[in-house]
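Okay, so here's the structure we're looking at.
One-based numbering along the sequence shown. Values below: every heavy atom of this structure, side chains too, minus hydrogens, waters and symmetry copies.
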Amino acid sequence: MKKRFKYLTLGLLLLSGTAGHAQQNIQFTQYIFNSMSVNPAYAGYKGEWFGQLGLRSQWTGWGGGPKTGAISIDGVLDPDMQRHGVGLQVTAEGLGAQSATAAFANYALRLPVDRSGEHRLSLGIAGGVTQYKVDQNKITTIDPNDPAAIGGTTLKPDIRLGIYYSNAKWYAGVAAHDLFAGANSTDDYVLDQDEIVESIRRNTHGYFIAGALFQLDRGLLLRPSVLVKDDFKGPTALDLSAMFIFNEKFWIGPSFRTRSRIFDRDYSDYSVDRLSSENSISGIAQFFITPKFRIGYSYDHMMNRMSSRAGGTHEVTLGITFGQLGRQILSPRYF
């Protein structure tokens with residue numbers, strides 16, 4: 001029973017990672033509307049204060065499927081020069097008996113590389129803490145005395161680093177998360193010696209994001225983007241998106257997520273034929289109800305073997321622009 005419970009837990013963690021950052025990190029499909037969760041150097045990009053609420057229900061119809069909520073706010077401290085971006089993001093996720101709640105404060109030094117300030121290179125850092133919890137009351141076992149069915153709570157600090165370049169036509173950025181992932185002493189992790197909770201340990205994750213903007217016709221823009229996620233141990237995840245923007249008010253487009261063999265790793269020699277390379281396909285939409293208030297919705301349909309065992313994934317975001325000391329940003333922010 002102990003082995004079966006351990007393997008079930010490990011399997012859920014790995015499966016949750018196919019929709020998250022490599023293995024354990026939370027990933028929203030609608031990150032394209034606010035990339036601060038991916039790259040801390042994005043903080044303040046919009047030039048005015050912006051808040052967003054995101055809710056995600058994954059694998060609907062499957063008891064214990066991941067449910068995620070996130071709230072964030074970011075902006076610039078100096079509206080004239082717009083060199084100092086700050087942000088705060090709080091996330092909470094539940095997966096069966098496991099849950100994680102994190103809070104990260106972000107800072108970005110936004111350096112202009114031209115006189116107009118349209119081209120900027122941002123250097124970002126985020127620091128925060130994550131609370132991990134395993135609720136023993138949510139674990140059902142045949143043997144009530146099963147030593148594998150334990151619970152507990154622990155806190156773990158971490159930092160993130162990022163670089164982000166943007167102008168009116170394209171952007172690109174790289175970031176690293178979980179840079180304290182190697183600190184696995186029992187002082188840092190209360191339940192470190194348990195085989196099941198060991199699997200909750202984070203790995204260092206790397207991200208690459210890029211995108212561009214093309215005008216197809218009057219009032220019609222195309223914004224393709226790519227996100228590469230890697231934890232340097234398992235499969236590399238690749239997200240491809242293409243959003244059509246109508247009159248700067250309505251965004252709609254598809255997104256495709258897959259596993260990619262960018263790097264040659266040992267696991268691929270014996271597991272590549274067993275892992276489905278196709279993960280999911282998504283439909284994404286965003287509508288500006290007013291110039292300051294927007295709502296987004298996305299639906300992910302799984303394309304792997306899990307598609308016959310669970311429903312798709314629903315995600316809703318609400319965004320509001322608070323402005324900057326009465327100023328109005330004339331140039332729309334598409335990235």
Verify, without hydrogens or angle tests, whether [X] (side chain) and [Y] (backbone) share a donor-acceptor contact under 3.5 angstrom.
| X | Y | result |
| --- | --- | --- |
| Asp158 | Gly128 | no |
| His205 | Ala175 | no |
| Asn167 | Glu118 | no |
| Asn247 | Lys249 | no |
| Arg160 | Pro40 | no |

Using a 4.5 Å cut-off on heavy atoms from C-beta on, say whether the side chain of [Y] contacts that of [X].
| X | Y | value |
| --- | --- | --- |
| Arg294 | Phe50 | yes |
| Ser37 | Gln89 | yes |
| Lys156 | Asp178 | no |

Quick one: are the ring centres of Trp170 and Phe335 less than 6.0 Å apart?
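When the ring centroids of Trp170 and Phe335 are compared, they turn out to be at least 6.0 Å apart.
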Reported [atom1]-to-[atom2] distance for the pair [X] and [Y], which is rounded to 0.5 angstrom:
| X | Y | atom1 | atom2 | result |
| --- | --- | --- | --- | --- |
| Thr313 | His301 | OG1 | NE2 | 11.0 Å |
| Tyr132 | Thr154 | OH | OG1 | 9.0 Å |
| Leu227 | Asp239 | CG | CG | 5.0 Å |

Taking all non-hydrogen atoms of both residues, which atom of Phe33 and which atom of Ala285 are closest, and how far apart?
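Residues Phe33 and Ala285, closest heavy atoms: CE1-O, 4.4 Å.
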Stepwise, does the side-chain contact (heavy atoms from CB on, under 4.5 Å) test hold for Ile159 with Phe180?
CA-CA 7 Å; Ile159 62 171; Phe180 287 171; 4.1 Å; yes
Are [X] and [Y] grouped together when hydrophobic residues (ILVMFWY) are joined by side-chain heavy atoms under 4.5 angstrom apart?
| X | Y | value |
| --- | --- | --- |
| Tyr297 | Ile281 | no |
| Met81 | Val86 | no |
| Leu179 | Tyr107 | yes |
| Ile125 | Phe104 | no |
| Phe250 | Leu222 | yes |

Asn39 and Tyr207: CA distance, side-chain angles, deciding distance, side-chain contact (heavy atoms from CB on, under 4.5 Å) verdict:
CA-CA 8 Å; Asn39 193 326; Tyr207 305 87; over 6 Å; no
Qualifying residues under ring-ring contact (aromatic ring centres under 6.0 Å, His included), relative to Tyr31, sequence neighbours excluded:
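Tyr31 satisfies ring-ring contact (aromatic ring centres under 6.0 Å, His included) with no residue once adjacent residues are dropped.
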Please enumerate all residues that pass ring-ring contact (aromatic ring centres under 6.0 Å, His included) together with His314, with sequence neighbours excluded.
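His314 satisfies ring-ring contact (aromatic ring centres under 6.0 Å, His included) with Tyr299 only.
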Are any of the side-chain nitrogens in Asp78 or Arg110 under 4.0 Å away from the carboxylate oxygens of its partner?
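Result for this pair is no, no salt bridge flagged.
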Applying side-chain contact (heavy atoms from CB on, under 4.5 Å), run through Arg83 and Arg120 and close with a yes or a no.
CA-CA 9 Å; Arg83 292 171 60 94; Arg120 287 185 183 266; 4.3 Å; yes
Donor on one side chain, acceptor on other, Asp300 and Thr29, under 3.5 Å
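Asp300 vs Thr29: donor-acceptor pair found between side chains.
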Looking only at the side chains, is there a donor atom on one of Ser298 and Gln30 sitting less than 3.5 Å from an acceptor on the other?
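Note: Ser298 and Gln30 side chains meet the donor-acceptor criterion.
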Kindly assign one of parallel, tilted or perpendicular to the pair Tyr164 and Tyr42, based on the angle between their ring planes and the thresholds 30° and 60°.
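Ring orientation, 0 to 90° scale: perpendicular.
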By side chain to side chain donor-acceptor pair (under 3.5 Å), which residues pair with Ser166, not counting sequence neighbours?
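Applying side chain to side chain donor-acceptor pair (under 3.5 Å) to Ser166 gives none.
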Please assess Ser35 against Ile209 for the test side-chain contact (heavy atoms from CB on, under 4.5 Å), listing each intermediate value before the final yes or no.
CA-CA 9 Å; Ser35 297; Ile209 56 175; 4.3 Å; yes
